[in-house]
Amino acid sequence: MSPPPCGGWPPTSPAVHRPWRPARAAQAGQRLEVVCRRLLNEPDAAAHVDKIADGPGRGPLTEGQMDLDGALVFACLLYLTGHQESVQFWW
């Protein structure tokens, strides 16, 4: 019995050649960059980052003090400035 052709399903091993993966990864990275830039250009983006910056001195956050939009804006800022490890915490 011969193995399935390259790209067949199910894959026979992790070494199966998939030329579409690098292209799709690059496209996803480009789209993520566009989304991040758009979020950072929103009128209230700076206010969200300011709210996060003020937070540490006030003790633990309560549910009402959480700024989920601010966390997303901050993560986008980190992503676009090349801090991928830090982004994982905020996303």
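Everything quoted here is computed from the prediction, not taken from an experiment.
Across all their heavy atoms, Leu78 and Ser86 have their closest contact at CD1-CB, 3.9 Å. Closest of all the heavy-atom pairs between Ala45 and Leu39 is CB-O, 3.6 Å. Between Val87 and Tyr79, the shortest heavy-atom contact is CG2-N, 3.2 Å.
Leu32 contributes atom CG, which lies 12.5 Å from atom CD of Gln27 (distance to the nearest 0.5 angstrom). We find the SG-CZ distance between Cys36 and Arg31 to be 14.5 Å, quoted to the nearest 0.5 Å.
Heavy-atom neighbours of Glu85 CD from other residues, nucleotides or ligands within 6.0 Å: at or below the threshold of 12.
Residue His48 forms a side-chain contact (heavy atoms from CB on, under 4.5 Å) with just one option from Asp69, Leu68, Leu40, and that option is Asp69.
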